[in-house]
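Notes to accompany the following structure.
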Amino acid sequence: MPSLSFKPLLLMTKRFKPTPPSTPSTKPSPPPPSPPTPQLSHSKPTTVSIHHSSKNPNKTLTLLKSPQSPSSSNWVSLNLTRSDLSLPLTFPTGQTFRWKQTNPLEFTGVVGSHLISLNHLPNGEVSYCLHFSSTSTSSSAAARLALLDFLNAGISLSSIWEVFSAADPGFDALARHLEGARVLRQDPLECLIQFLCSSNNNIGRITKMVDYISSLGNYLGNVGGFDFHEFPSLERLSLVSEAELREAGFGYRAKYIIGTVNALKAKPGGGAEWLLSLRDSDLEEVIGALSTLPGVGPKVAACVALFSLDQHHAIPVDTHVWQIATRYLVPELAGARLTPKLCNRVAEAFVSKYGKYAGWAQTLLFVAELPQQKALLPATLENTKRKRSTKQQKDMAHAEQDL
């Protein structure tokens, strides 16, 4: 596989290690034999105040219908198996901070204007439940199409993993135990704002910041004790002040979020449309364009490119990905100090090894390092990884002696 060139590719800031998402204070009951029924609260009114423009900041939108508590018959199969999509290996892994675990094998979130829960059936297949949509043109068919697009369901996970496994027996050994870890296709604006919040941050604070930003959007309902909203539009975000964000605990990131929102609003044709247009550009152009926005460095740009802009070979390099790379791809660099030049080398090594979906391979290797996922790996596989790491260290020591 030929190596690709990445000029500005990726940064050495420390990547947060995602932890399982927070759940309400009440303990969830054990999963029933049939798909659990989320409890949908009506604690919010069906009219909510949202700001559409500075000219009419108090315009009120009346929701077209009240959220309804779903019954078991509201769950519909997505025709995806656990090997196509594993919810625990996809949602609480740092791609998005807007989805909540609302039952042991259930995650709930918003796709566009649709409030949706996803659930694993006892046989591992994935089903979904549409709780509510905020527009009259919405339908269950539209929600399903939007959900499948968000899940990148058009990409065959088994097919690309066959390519990865053929190129790397180590990947094959991991993949057998971590099937179904997908890369999402998020709305670019939503993804960008989330990763601006993630800069030099921990999972708890990131989630609080993203929840605050989300609360500015149209309220859709409450599932499992969590409130859910549409992500606010660029126009609504432009009404938020830096002082307001700082007061909410955003710190220096407030300046970057406000600056990026203003920069996007100034784009000809609209900032949301400009972001979507980057899906048609090559990776180097995407990274360069995103990096012109305030607070967007190479690593944030690579995350947005991979998780929302169809740049499937983008590699967000940080210290954790660096450690993975020196274990699997460039063992000769173990012990070296990570520099921007070496970040590019790591990205190129991933693409050379795994090809045009290298970002998906990197995502699986990253997920395998998370503490909650290591528990799924057999002890023999962990021992093999440790032995390989020890051997690499010895090889490096011998090489240094020969110099």
Side-chain angles (χ1 to χ4, degrees), residues 10-11 13-22 80 84-102 106-112 116-118 126 146-155 157 160-161 178-199 201-211 213-214 228 231 275 278-279 286 290 296 299-318 320-321 324 350 357-373:
L10 308 178
L11 190 73
T13 46
K14 184 175 181 182
R15 185 172 184 170
F16 52 84
K17 280 207 169 188
T19 56
S22 59
L80 295 174
D84 296 317
L85 170 63
S86 169
L87 303 179
L89 296 179
T90 299
F91 286 104
T93 57
Q95 294 188 55
T96 178
F97 306 93
R98 300 231 307 140
W99 282 68
K100 311 295 185 183
Q101 187 168 358
T102 47
E106 176 187 297
F107 289 81
T108 301
V110 177
V111 179
I116 298 174
S117 288
L118 291 169
V126 181
L147 176 60
L148 290 173
D149 181 74
F150 171 76
L151 295 172
N152 255 327
I155 295 174
L157 195 59
I160 61 175
W161 280 22
L178 298 174
E179 287 187 321
R182 296 192 69 85
V183 169
L184 300 171
R185 189 178 194 245
Q186 301 176 61
D187 173 80
L189 175 62
E190 181 177 329
C191 188
L192 172 61
I193 298 300
Q194 288 185 84
F195 278 97
L196 281 173
C197 294
S198 76
S199 178
N201 212 347
N202 62 65
I203 191 71
R205 289 190 65 207
I206 297 167
T207 301
K208 288 181 180 179
M209 291 178 187
V210 171
D211 285 348
I213 291 287
S214 300
F228 292 93
F231 197 78
L275 286 170
L278 295 179
R279 287 178 172 172
V286 170
L290 291 174
V296 179
K299 185 219 166 179
V300 168
C303 288
V304 176
L306 176 61
F307 300 136
S308 71
L309 295 175
D310 298 341
Q311 304 296 326
H312 302 297
H313 57 294
I315 308 295
V317 179
D318 55 23
H320 302 300
V321 173
I324 293 169
F350 268 101
Y357 287 95
W360 290 57
Q362 176 265 321
T363 297
L364 183 280
L365 295 175
F366 178 78
V367 168
E369 295 297 311
L370 301 177
Q372 64 268 31
Q373 310 309 343

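What you see is a predicted model; the values in this text were computed from it and never measured.
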Nearest-0.5 Å distance that lies between atom CG in D149 and atom CZ in R185
4.5 Å
Sequence-distant partners of A153, side chain to side chain contact (heavy atoms under 4.5 Å, CB included), two or more places apart
L148
For a quick test of reading the model, state the closest non-hydrogen atom pair linking T102 to S117 and the distance between them.
OG1-OG, 4.5 Å
From I155 atom CD1 to D84 atom CG, the distance as rounded to the nearest 0.5 Å
12.5 Å
Evaluate the side-chain proximity of H312 to I160: yes if any heavy-atom separation is below 4.5 Å, no if none is.
no
With E190 via side-chain hydrogen bond (donor to acceptor under 3.5 Å, both in side chains) - residues at least two apart
R98
How long is the gap from NE2 on H313 to CG on D310, to the nearest 0.5 Å?
11.5 Å
Are C303 and Q194 close enough that some pair of their side-chain heavy atoms sits under 4.5 Å apart?
no
Return the NZ to CD1 distance between K208 and I203, rounded to the nearest 0.5 Å.
12.5 Å
Are M209 and N201 side-chain neighbours, meaning at least one heavy-atom pair lies under 4.5 Å?
yes
Between A181 and L364 the two heavy atoms that sit nearest each other are CB-CD2, 4.0 Å
So which atom in F307 and which in C191 form the shortest heavy-atom distance, rounded to 0.1 Å?
CB-SG, 3.9 Å
Side chain T90, main chain G180, donor-acceptor under 3.5 Å
yes
One pair to check against side chain to side chain contact (heavy atoms under 4.5 Å, CB included): V317 and F350. What are the steps and the verdict?
CA-CA 10 Å; V317 179; F350 268 101; 6.0 Å; no
Do F107 and K100 come within less than 4.5 Å of each other through their side chains, counting heavy atoms only?
no
Write down the atom of P316, the atom of L306, and the distance for their closest heavy-atom approach.
CD-CD2, 4.2 Å
Nearest 0.5 Å, what's the CZ-CG distance between R182 and L87?
11.5 Å
Would you say the side chain of L278 lies within less than 4.5 Å of the side chain of P188, judging by non-hydrogen atoms?
no
Parallel, tilted or perpendicular: ring planes of F195 versus F97, cut at 30 and 60 degrees
perpendicular
Between V111 and W99, is there a side-chain heavy-atom distance shorter than 4.5 Å?
yes
Student check: side-chain heavy atoms of L184 and N152 closer than 4.5 Å:
no
Verify side chain to side chain contact (heavy atoms under 4.5 Å, CB included) between L290 and L275, making sure each step is shown before the conclusion.
CA-CA 9 Å; L290 291 174; L275 286 170; 3.9 Å; yes
If you round to the nearest 0.5 Å, how far is CD1 of I116 from CZ of F150?
9.0 Å
Side-chain contact test, heavy atoms from C-beta onward, threshold under 4.5 Å: evaluate it for F366 versus T93 and give yes or no.
no
Atom of A305, atom of V286 and distance for their closest heavy-atom approach
CB-CG1, 3.9 Å
Mind running side chain to side chain contact (heavy atoms under 4.5 Å, CB included) on V126 and L118 for me, showing each step along the way?
CA-CA 7 Å; V126 181; L118 291 169; 4.1 Å; yes
Kindly indicate, with the supporting measurements, whether the criterion side chain to side chain contact (heavy atoms under 4.5 Å, CB included) is fulfilled by V110 and F231.
CA-CA 8 Å; V110 177; F231 197 78; over 6 Å; no
